[in-house]
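A short write-up of the structure that comes next.
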Amino acid sequence: MTARLPPLNSLKAFEATARHRSVKKAAAELNVTPAAVSHQIKALEDHLGVQLFRRYNRALELTDGARACLPKLREGFDNLVQAVERLRAYRGAGMLTVSAPPSFAARWLMPRLHRFLAAHAEIDVRVSARVRQAADQGRGAAAERATLDDWMADSDIAILYGRGEYPGFQVEELLPLTVTPICSPKLLADPRHPLVGPEDLRHHMLLHDDTGDLYDGESFWELWLNAAGVSGVDTRRGPHFSHAVLALEAAIEGLGVVVTLPVLAEADMHAARLLTPFALRVSLISAYYLVCSEASATRPAVAAFRQWLLAEAAKEQKA
DNA sequence: ACGCTTACGCCTAGACCACC
DNA sequence: GGTGGTCTAGGCGTAAGCGT
């Protein structure tokens with residue numbers, strides 16, 4: 001079927017050059033030198049016997065023939081990408097790779113996963129705890145997209161903490177989020193400084209879950225204290241933790257009070273290791289989102305996991 | 001100085017063939 | 001069938017040249 005096709009790289013070079021109207025920019029995109037791109041285009045013109053560009057000094061113009069074939073060529077590349085994605089999605093039909101932030105994986109997913117495994121013994125689940133680097137912050141949509149592409153290249157489904165702006169993927173909000181102070185019951189009973197009202201926080205160690213800085217700009221402590229109308233608490237003091245799970249462990253040990261996501265502390269609250277001393281919960285702009293590619297969404301294992309996850313999240317919100 | 005093309009040469013992978 | 005040598009195509013880089 002492909003016997004009459006010129007080399008694929010020549011077509012890639014042509015498409016990139018036509019899109020950028022520049023050999024240099026196409027070369028940068030393809031990670032080769034401009035000479036290599038020029039070679040490819042020349043080879044393609046020789047192969048087809050058709051001139052593709054009119055060359056001017058420091059400028060290129062597509063010929064009518066080239067312009068006419070470009071839409072079909074792009075469509076062809078799009079189809080290739082989709083076909084390859086579909087093939088990737090089918091590696092190990094009964095294997096499911098789920099990427100999730102470490103704290104979510106440990107504190108929300110793990111306590112529930114046994115129910116999915118019991119109902120779907122034929123599916124082998126691989127959970128991959130992934131960290132979005134703080135360096136991604138502020139690098140713009142392209143960097144965000146590159147990180148997401150990287151995650152999705154080896155995951156069937158991903159749970160992301162963010163704002164749900166992931167074009168090109170199937171995205172569903174899994175859990176809207178709130179934050180509130182969480183601490184050990186021991187702190188409430190502290191005879192010297194009982195934790196009765198938010199003002200009493202000035203007498204306690206503040207534990208910082210730094211996850212909040214990544215996507216909401218403001219620290220969780222600042223967010224909650226502002227909403228509570230409390231002043232006079234120095235939010236600069238206290239230890240910082242890169243993951244909510246670490247801050248929660250510190251809280252369990254009675255080190256202090258952390259403002260973080262109560263959804264990550266349910267099991268500990270149920271076991272009376274932790275509690276929320278104040279009723280106020282402040283909603284976040286960010287939420288946990290369920291993300292998968294169009295291609296992998298059609299896989300039965302992915303569909304089953306997605307459905308189960310959304311049902312678990314719905315139960316959570318009703319509770 | 002810049003963007004592009006061209007000549008030349010190197011490297012790699014695959015096809016083909018002869019030989020064991 | 002396996003191995004080794006040769007040829008060819010594809011891919012790319014460097015250096016030089018061209019025109020503005």
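Labels below follow one simple rule: chain letters A, B, ... track the order of the sequence lines, proteins then strands, and each chain is numbered from 1.
Contact annotation: A:Ser22 side-chain N/O to B:dC4 OP1/OP2 distance is under 4.0 Å. Applying the 4.0 Å criterion to OP1 and OP2 of C:dC12, one finds that A:Thr33 has every side-chain N and O outside that range.
Regarding A:Arg21, its CZ atom lies at a distance of 17 Å from the P atom of B:dG3, rounded to whole Å. Note: CG (A:Leu11) to P (C:dG10) measures 12 Å, nearest angstrom. Atom CG in A:Leu44 sits about 16 Å away from atom C1' in B:dT5, given to the nearest Å.
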Return a table of donor-acceptor pairs under 3.5 angstrom between the side chains of residues 248-262 of chain A and protein atoms on other chains or two or more places apart.
from	atom 1	to	atom 2	distance (Å)
A:Glu249	OE2	A:Arg107	NH2	2.4
A:Thr260	OG1	A:Asp209	OD2	2.6

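For A:Ala13, the side-chain contact (heavy atoms from CB on, under 4.5 Å) partners at least two apart in sequence or on another chain are A:Leu30, A:Val37, A:Gln40. Annotation: side-chain contact (heavy atoms from CB on, under 4.5 Å) contacts of A:Ala35 (sequence neighbours excluded): A:Thr33. Scanning for side-chain contact (heavy atoms from CB on, under 4.5 Å) contacts around A:Ala303 gives an empty result, with sequence neighbours left out. By the side-chain hydrogen bond (donor to acceptor under 3.5 Å, both in side chains) test, A:Arg192 pairs with no residue at all, sequence neighbours left out.
A donor-acceptor pair under 3.5 Å links the side-chain atoms of A:Trp224 to the main chain of A:Leu280, judged by distance alone.
Of the listed nucleotides (C:dG11, B:dC4, C:dG13), C:dG11 has the atom at the smallest distance from the side chain of A:Ser10.
For residues 35-42 of chain A, proximity to DNA chain C is found at A:Ala35, A:Ala36, A:His39, A:Gln40, defined as any non-hydrogen atom under 4.0 angstrom from a strand atom.
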